[in-house]
Amino acid sequence: MSFLKRNINCGELRDTDVSRKVVLNGWAATVRNLGGLIFVDMRDRYGITQVIFEPEFNPELAEKAKEIRSEFVLWVEGEVRLRSNPNQVIPTGLIEVVASNFGIINKAELPPFPIEDGIETGEETKLKYRYLDLRRPELQRKFIIRNKLYQIVHQYYHDNNFLEVETPVLMKSTPEGARDFLVPSRINKGKFYALPQSPQIFKQILMISGFDRYMQIVKCFRDEDLRSDRQPEFTQVDVEMSFIDRDDIISVTEGLFVKVWKEILGLDIQSPIRRMSYAEAMSSYGSDKPDLRFGMEINHLSSGLMSTEFKVFQDIVAANGLIASIKVTNGASLSRKIIDELTEFAKKYGAKGLAWIKISNGEISSPISKFLTEEQMEFIIRSNDAKDGDLILISSDKRNRALTILGALRLEVARRQGIFEKVKNNFEFLWVVDFPLFEYDEEAGRYFAMHHPFTSPMEEDFHLLDTNPGEVRAKAYDIVCNGAEIGGGSIRIHDNVIQQKMFDKLGLSESEIDEKFGFLIKALKYGAPPHGGIALGLDRIVMILSGTDNIRDVIAFPKTTSGLSLMDGSPSEVELSQLNELGIDLFRKTE
RNA sequence: GGAGCUGUAGCUCAGUUUGGUUAGAGCGUCUGCCUGUCACGCAGAAGGCCGCGAGUUCGAGUCUCGUCAGCUCCGCCA
């Protein structure tokens with residue numbers, strides 16, 4: 001007999017089960033040996049159940065139980081009975097299982113860290129032993145949420161007549177956008193597949209094929225640097241619909257979020273979700289994904305400072321830049337050192353400096369007060385609605401830079417003031433709409449598609465395409481929750497002529513277009529329906545649902561910041577013979 | 001590509017400012033005792049390439065340079 005199979009799990013026994021004969025399988029979470037009595041907490045995915053070995057009842061068994069150590073895999077047969085000292089902390093705390101027989105199915109080495117919630121072990125150790133980290137209830141809870149999300153997403157789109165279709169993982173490398181992961185072809189030496197950054201083109205082609213409503217929960221790959229909310233492979237809920245406009249995508253997507261929040265968190269989210277133009281988001285929050293859980297909006301000051309004597313402001317006004325500020329309520333108590341730190345923080349975003357005004361006990365103190373007239377100072381204070389005890393932080397720069405700096409400062413100040421901690425159970429959704437079609441890259445000296453090159457311009461801005469491409473707005477939209485971009489999409493170009501014009505604006509040559517996207521252009525000529533869609537960042541949604549700020553917590557086997565998988569040791573070198581088969585020759589970097 | 005923080009016992013960390021006997025603590029582990037624990041308790045013990053490599057010095061955990069790794073951020077991420 002290798003082991004007796006369980007007929008009950010470690011989380012389900014209650015006082016109503018008293019005197020049942022049961023068999024448990026699981027891991028020994030903790031062992032408390034009192035000399036005679038031995039208590040073993042058995043753990044599985046469902047919970048923890050206390051098992052007791054009594055020498056009075058079964059001396060040989062109790063003797064054998066002394067061998068049990070942490071994380072041994074056990075089967076235990078016994079009878080359920082009420083505890084004389086109940087434990088109110090766990091759901092099974094009213095009962096215990098009196099062992100009548102048991103076996104060690106497998107021994108375990110001493111784990112490098114305790115398998116329990118709230119541990120402070122370093123990331124490196126935890127990732128190396130990911131299988132042990134994943135044994136912790138805290139982490140399992142997140143994957144249970146993730147699984148619920150999969151089920152709701154599939155059910156929801158199925159109920160709404162969407163078809164799930166799988167798209168290739170080996171596809172053609174395309175320019176624009178993120179760096180591709182490349183896969184060499186053995187059969188076609190010197191040629192490469194790319195892993196999809198998203199199934200964008202395939203889902204559009206599925207629309208041309210008449211699939212009408214497509215969805216897929218799909219892995220995407222981008223060879224870019226990692227962040228706490230970015231992994232090189234991640235999961236999207238990919239959606240595309242035909243014969244629709246922007247509001248159709250928005251309402252279908254909102255329906256999903258309403259259902260998800262209701263079924264997973266038991267919360268009713270406000271629908272319709274608020275909408276804000278990209279222009280307003282940037283102007284008031286300095287971000288295209290504003291966190292609306294708190295205020296601290298950006299106040300624009302240029303208009304009242306046109307005639308300033310202050311050289312720094314003068315130059316900005318003359319260069320058509322922007323002077324703007326945020327108010328830090330009760331910020332006057334912040335020390336010079338803290339303000340210096342905030343200045344350093346602002347410099348990461350390209351700020352040259354940071355001006356500030358403190359109002360404290362009726363006194364105004366500011367390094368720039370000597371450059372401002374009383375009226376100007378009054379104007380700044382009034383514009384910020386600042387009261388005694390407040391601090392005003394002022395940025396003056398090129399318009400977009402000044403806004404970005406203040407947007408970043410707004411979040412940093414909120415973090416330092418403990419505002420995020422206060423609002424951590426709030427959920428503020430937002431649609432950001434009317435994105436620019438293009439953004440200009442100074443370095444490359446040309447326009448790039450802000451969303452992607454298949455995004456449709458708004459009809460009313462068509463006339464600007466040739467004269468002022470930077471002003472053209474796109475039929476693109478992002479969905480934001482608590483300052484995180486959790487999805488984005490657009491209405492696509494279904495007209496081949498406009499698509500050609502778009503490529504033309506992006507500075508792609510005829511031959512380049514033909515080589516990279518020829519198949520899409522061709523497909524668009526065969527009767528493309530109007531279509532559009534959205535891609536939702538599933539990992540980020542799970543992050544928000546499970547209350548974590550790190551994407552590693554919601555991906556079973558994540559990579560480190562430098563893209564390594566510490567458990568399996570990838571990426572790794574390969575055999576020379578493998579490279580030879582692929583026709584690949586490596587060269588070493590020489591200095 | 002760049003910046004910051006971190007690396008000392010299985011784990012979490014002190015010690016580095018000002019170089020100097022045998023590198024400490026808590027938790028965990030092991031051994032013994034212990035019949036109602038659930039952070040069990042009590043007594044004892046074991047456990048260290050101070051990330052790695054150079055250098056300075058009579059002497060380096062401590063200073064210098066390099067390097068590797070983890071985390072966070074900027075760039076990057078249509």
Side-chain angles (χ1 to χ4, degrees), chain A residues 29-41 48-57 59 62 66 69-70 81-90 92-93 96 98 109-116 118-129 132 174-180 197-198 200-201 220-232 234 341 344-351 404-405 408 411-412 415 435-439 441 443 447-455 474 476 478 485 488-490 502 506 535 537 549-550 552 559-564 566:
Chain A
T30 52
V31 182
R32 294 178 295 278
N33 181 346
L34 272 62
L37 289 178
I38 298 172
F39 296 97
V40 176
D41 286 343
I48 284 184
T49 296
Q50 174 167 288
V51 172
I52 181 167
F53 295 89
E54 293 179 313
E56 226 165 61
F57 175 71
K66 287 182 182 169
R69 294 289 178 274
S70 271
R81 81 173 174 205
L82 282 178
R83 294 199 199 182
S84 52
N85 293 339
N87 180 347
Q88 306 293 348
V89 181
I90 57 172
T92 62
E96 64 194 355
V98 190
E109 285 191 18
L110 181 68
F113 50 82
I115 312 301
E116 61 192 36
I119 58 170
E120 285 178 36
T121 303
E123 206 62 27
E124 203 172 343
T125 312
K126 288 198 294 187
L127 287 174
K128 193 170 164 190
Y129 297 92
L132 296 180
T174 50
E176 303 269 318
R179 196 175 290 113
D180 282 327
Q197 298 172 27
S198 85
Q200 183 58 40
I201 295 177
C220 302
F221 306 86
R222 294 178 188 175
D223 188 7
E224 298 293 346
D225 287 359
L226 294 86
R227 285 287 190 283
S228 59
D229 63 350
R230 254 165 48 189
Q231 284 270 313
F234 61 99
E341 283 172 15
E344 281 310 303
F345 178 84
K347 282 181 180 169
K348 287 198 298 198
Y349 294 83
T404 305
I405 290 164
L411 297 176
E412 177 67 8
R415 191 184 65 74
F435 276 83
L437 186 64
F438 300 106
E439 61 189 337
D441 184 311
E443 222 170 289
Y447 285 102
F448 280 83
M450 190 152 183
H451 188 55
H452 57 56
F454 319 111
T455 301
D478 277 359
E485 181 198 326
S490 64
M502 182 73 183
L506 292 170
D549 55 10
N550 202 296
R552 287 186 302 271
K559 309 278 188 287
T560 67
T561 312
S562 60
L564 305 178
L566 297 182

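Chain naming here is simple, since letters A, B, ... match the order of the sequence lines and numbering starts at 1 in each.
- With sequence neighbours excluded, no residue forms a salt bridge (charged side-chain N to carboxylate O under 4.0 Å, His left out) with A/K126.
- Taking the P atom of each, B/G61 and B/U22 are spaced 12 Å apart, rounded to whole Å.
- No N or O donor and acceptor, one from the side chain of A/R69 and one from the base of B/G28, sit under 3.5 Å apart.
- Among residues two or more places apart in sequence or in another chain, the side chain to side chain contact (heavy atoms under 4.5 Å, CB included) test is passed with A/F57 by A/E54, A/V98, A/S100.
- Contact between the side-chain N/O atoms of A/N550 and the OP1/OP2 oxygens of B/U72 is found at a separation under 4.0 Å.
- Across all strands shown, A/R415 has no heavy atoms under 4.0 Å from either base or sugar-phosphate atoms.
- Applying the side-chain hydrogen bond (donor to acceptor under 3.5 Å, both in side chains) rule to A/N87 yields no partners; only residues at least two apart in sequence or on another chain are considered.
- Taking atom C1' in both B/A23 and B/G48, one finds a spacing of 9 Å when rounded to whole Å.
- Pair assignment for B/U16 gives none, since no Watson-Crick or G-U wobble pairing has each distance under 3.5 Å.
- Using modelled atom types, no side-chain atom of A/Q197 and backbone atom of A/G177 make a donor-acceptor pair closer than 3.5 Å.
- With a 4.5 Å cut-off on side-chain heavy atoms, A/L132 and A/P112 count as touching.
- Across every strand in view, B/G36 sits unpaired, with no contact that passes the Watson-Crick or G-U test at under 3.5 angstrom.
- Taking atom P in both B/G75 and B/U64, one finds a spacing of 31 Å when rounded to whole Å.
- One P atom belongs to B/G36, the other to B/G26, and the distance between them is 27 Å to the nearest Å.
- Within 4.0 Å of A/D180, counting heavy atoms only, lies no atom of the nucleic acid at all.
- The same atom, C1', is picked in B/U67 and in B/C30; the two are 38 Å apart, to the nearest Å.
- Note on A/T560: a side-chain N or O is less than 4.0 Å away from OP1 or OP2 of B/G70.
- Counting to the nearest Å, the C1' atom of B/U72 and the CG atom of A/L226 are 12 Å from each other.
- With sequence neighbours excluded, the residues satisfying salt bridge (charged side-chain N to carboxylate O under 4.0 Å, His left out) with A/R415 are A/E412.
- For the OP1/OP2 pair of B/C74 and a distance below 4.0 Å, the side-chain nitrogens and oxygens of A/R227 include at least one atom meeting the criterion.
- Across all strands, A/S84 comes closer than 4.0 Å to base atoms (heavy-atom distances).
- The same atom, P, is picked in B/G15 and in B/G55; the two are 29 Å apart, to the nearest Å.
- By the salt bridge (charged side-chain N to carboxylate O under 4.0 Å, His left out) test, A/R230 is found to be paired with no residue, residues two or more places apart in sequence or in another chain being considered.
- With a cut-off of 3.5 Å on both pairing distances, the Watson-Crick or G-U wobble partner of B/C27 is B/G10.
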> Where along nucleotides 41-52 of chain B does protein come under 4.0 Å, by heavy atom, of base (B) or sugar-phosphate alone (S), with - for untouched nucleotides?
Replying inline: ------------
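- Remark: P of B/C68 and CD of A/E124 are 14 Å apart, rounded to the nearest angstrom.
- Classification of A/R222 and A/D180 as a salt-bridged pair fails, no side-chain N sitting under 4.0 Å from a carboxylate O.
- Pairing for B/G59 is absent, with no Watson-Crick or G-U wobble pair whose two atom distances lie under 3.5 Å.
- The separation of B/C63 from B/G70, taken at their C1' atoms, amounts to 25 Å, rounded to a whole angstrom.
- Side-chain to base pairing of A/E96 with B/G36: one donor and one acceptor N or O lie within less than 3.5 Å of each other.
- For B/C71, the OP1/OP2 oxygens have no side-chain nitrogen or oxygen of A/S228 closer than 4.0 Å.
- Checking B/C71, B/U35, B/C73 against the side-chain heavy atoms of A/Y349 singles out B/C73 as nearest.
- When both distances must be under 3.5 Å, the Watson-Crick or G-U wobble mate of B/A3 is B/U72.
- With rounding to whole Å, A/L566 atom CG is found 12 Å from B/C71 atom C1'.
- B/A46 and B/U31 have their C1' atoms separated by 10 Å, with the value rounded to a whole Å.
- Both A/V31 and A/E120 lie near RNA chain B, and the one whose nearest nucleotide falls closer to the 5' end is A/E120.
- Judged by distance alone, the side chain of A/T455 and the main-chain N or O of A/A474 form no donor-acceptor pair under 3.5 Å.
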>> Using the rule given for side-chain hydrogen bond (donor to acceptor under 3.5 Å, both in side chains), can you reason through A/N550 versus A/S228, listing the C-alpha separation, both sets of side-chain angles and the distance that settles it, and then say yes or no?
In response: CA-CA 5 Å; A/N550 202 296; A/S228 59; 5.1 Å; no
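- The residue A/S562 sits close only to the backbone: its heavy atoms come under 4.0 Å of sugar-phosphate atoms, none of a base.
- The nucleotide B/A54 finds its pairing partner in B/U64, both defining distances of the Watson-Crick or G-U wobble pair being shorter than 3.5 Å.
- Not counting sequence neighbours, the partners of A/L226 by the side chain to side chain contact (heavy atoms under 4.5 Å, CB included) test are A/Q231, A/P232, A/K559.
- Between the CG atom of A/D229 and the P atom of B/C71 there is a distance of 14 Å, rounded to whole Å.
- Residue contacts shown for A/E123 are limited to sugar-phosphate atoms, with no base heavy atom under 4.0 Å away.
- The separation between A/R230 atom CZ and B/C71 atom C1' is 15 Å, rounded to whole Å.
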With the criterion being N/O to N/O and under 3.5 Å, what pairs connect the protein with nucleotides 3-10 of chain B, and how long is each?
{"from": "B/G10", "atom 1": "O2'", "to": "A/P112", "atom 2": "O", "distance (Å)": "2.9"}

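- With rounding to whole Å, A/D225 atom CG is found 13 Å from B/G70 atom P.
- Within 4.0 Å (heavy atoms only), A/L564 reaches sugar-phosphate atoms of the nucleic acid but no base atom.
- Between the CG atom of A/L127 and the C1' atom of B/A69 there is a distance of 12 Å, given to the nearest Å.
- Counting atom types as modelled, A/R83 pairs a side-chain N or O with a base atom of B/C38 as donor and acceptor under 3.5 Å.
- Checked against side-chain hydrogen bond (donor to acceptor under 3.5 Å, both in side chains), A/K66 has the following partners two or more places apart in sequence or in another chain: A/E63.
- Rounded to an integer number of Å, the gap from NZ of A/K128 to C1' of B/C71 is 18 Å.
- Here A/F454 lies out of heavy-atom contact (under 4.0 Å) with every strand.
- Of the residues near RNA chain B, A/R552 and A/L82, the one whose nearest nucleotide (by heavy atom distance) lies more toward the 5' end is A/L82.
- Of the side-chain N and O atoms in A/T561, none sit less than 4.0 angstrom from OP1 or OP2 of B/G70.
- For A/E54 against B/U35, no side-chain N or O and base N or O form a donor-acceptor pair under 3.5 Å.
- Heavy-atom contacts from other residues, nucleotides or ligands closer than 6.0 Å to OH of A/Y447 number more than 12.
- For A/R69 (side chain) and A/L110 (main-chain N/O), no donor-acceptor pair under 3.5 Å exists by modelled atom type.
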